[in-house]
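All remarks here apply to the structure that follows.
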Protein chains: 2
Amino acid sequence: MSGAIHVDFSQPCPIRDVLDRIGDQWSLLVLVSLAPRTKRFNELLREIGDISKQMLARTLRRLEQDGFVERTVYPEVPPRVEYTLTELGRSLLEPIGGLVRWADTHHLAIAEARKRHSG
Amino acid sequence: MSGAIHVDFSQPCPIRDVLDRIGDQWSLLVLVSLAPRTKRFNELLREIGDISKQMLARTLRRLEQDGFVERTVYPEVPPRVEYTLTELGRSLLEPIGGLVRWADTHHLAIAEARKRHSG
DNA sequence: ATACCTGGTCTAAAAGATAGACCTACCTAG
DNA sequence: CTAGGTAGGTCTATCTTTTAGACCAGGTAT
């Protein structure tokens, strides 16, 4: 299952392309945050906590453009806007889940490595 | 399986912590680049292509501190420095592999979503 | 002597992120 | 009528991060 990852960086590389999009400070966090259910802008803002409005807006717009998230506006007063994962977005949750499980399993080892280096 | 990812962002969160480290512009790329074999500084620089020396140095230093990568200096002239994945680093390749496979499978869908949005 | 090699570091300037004020649009309390 | 609140943003001024590119050691090849 073979750990043989092999990526040719020199070509116009789909993996580079995808990683550049989701591998930023916030995208994965927003995706994970939307995993359990549809949420509203300020709800995401509060839940993630240390993201700025602007970055959340920008991140959501890009996720929408890339087809990960769907944005629905309800013309009510006060306005309501809901963000939901698309099928594509949900499909990404599986590999992300692997990453999350890995993080959960190994964060102690990382903490120790850091301690070794700072001590 | 079940895509039930559930992360509590309000706590000192190991997933947040780990994602903040590997979820930057370059770390995953360096890790993937080191997957097939040990490499030297300038080799990584050339292979990744659009990373600056400084960012590569900084990324490698952080990956080393977190225990993903081992740095070996050979006191030759000209100097030689080799970077290898540790066991921890190699263990991370598995979930990353899931991500890479996902990217390979779905990059067309993303390209189409982008086209829909720009058109 | 001169130019060149590696694996970096340093600095100045460009790019990106943040906080916080502000905006639309309507509703309610006084 | 005025003041204040709510939701979802945008705008701007400031701060941080990233970049390009010069520079360094200390040897080797020309």
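Scope of the values below: all heavy atoms of this structure, side chains included, with no hydrogens, waters or symmetry mates. So that the names make sense, note that chain A is the first sequence line, chain B the second, and so on, each numbered from 1.
- With a heavy-atom cut-off of 4.0 Å to chain A, the contacted part of DNA chain C has its first and last nucleotide at C/dA17 to C/dC26.
- Not one N or O on the side chain of A/His106 forms a donor-acceptor pair closer than 3.5 Å with the backbone of A/Ala103.
- Look at CG on B/Leu45: it is 11 Å from P on D/dT19, rounded to the nearest Å.
- Taking atom CG on A/Asp24 and atom P on D/dT18, their separation rounds to 12 Å, with Å as the unit.
- Between the side chain of A/Thr38 and the backbone N or O of A/Glu82 there is no donor-acceptor pair closer than 3.5 Å.
- Sparse packing is recorded around CD of A/Glu70, with 12 or fewer heavy atoms of other residues, nucleotides or ligands lying under 6.0 Å away.
- Legend: residues meeting side chain to side chain contact (heavy atoms under 4.5 Å, CB included) with A/Ala113, ordered by chain and number and at least two apart, are A/Arg116.
- In terms of modelled atom types and a separation under 3.5 Å, the side chain of B/Arg40 and the main chain of B/Arg80 share no donor-acceptor contact.
- Near DNA chain D, defined here as any heavy-atom distance below 4.0 Å, the residues from residues 53-65 of chain A are A/Lys53, A/Gln54, A/Ala57, A/Arg61, listed numerically.
- B/Tyr74 comes within 4.0 angstrom of no nucleic acid atom, judged by non-hydrogen atoms across all strands.
- The closest donor-acceptor contact from the side chain of B/Arg71 to the backbone of B/Val81 lies at 3.5 Å or more, if one exists at all.
- Atoms OG1 and CG, from A/Thr59 and A/Leu28 in turn, are 11.0 Å apart once rounded to the nearest 0.5 Å.
- For B/Gln25 and D/dT17, the CD to P distance is 15 Å, given to the nearest whole Å.
- Residue A/Arg40 places at least one side-chain N or O under 4.0 Å from the OP1 or OP2 atom of D/dG8.
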**Study point:** Test log, rule salt bridge (charged side-chain N to carboxylate O under 4.0 Å, His left out), inputs A/Arg114 and B/Asp17
**Key:** CA-CA 12 Å; A/Arg114 282 181 199 162; B/Asp17 191 40; 3.1 Å; yes

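- Spacing between atom CZ of A/Arg46 and atom C1' of D/dA7 amounts to 10 Å, rounded to whole angstrom units.
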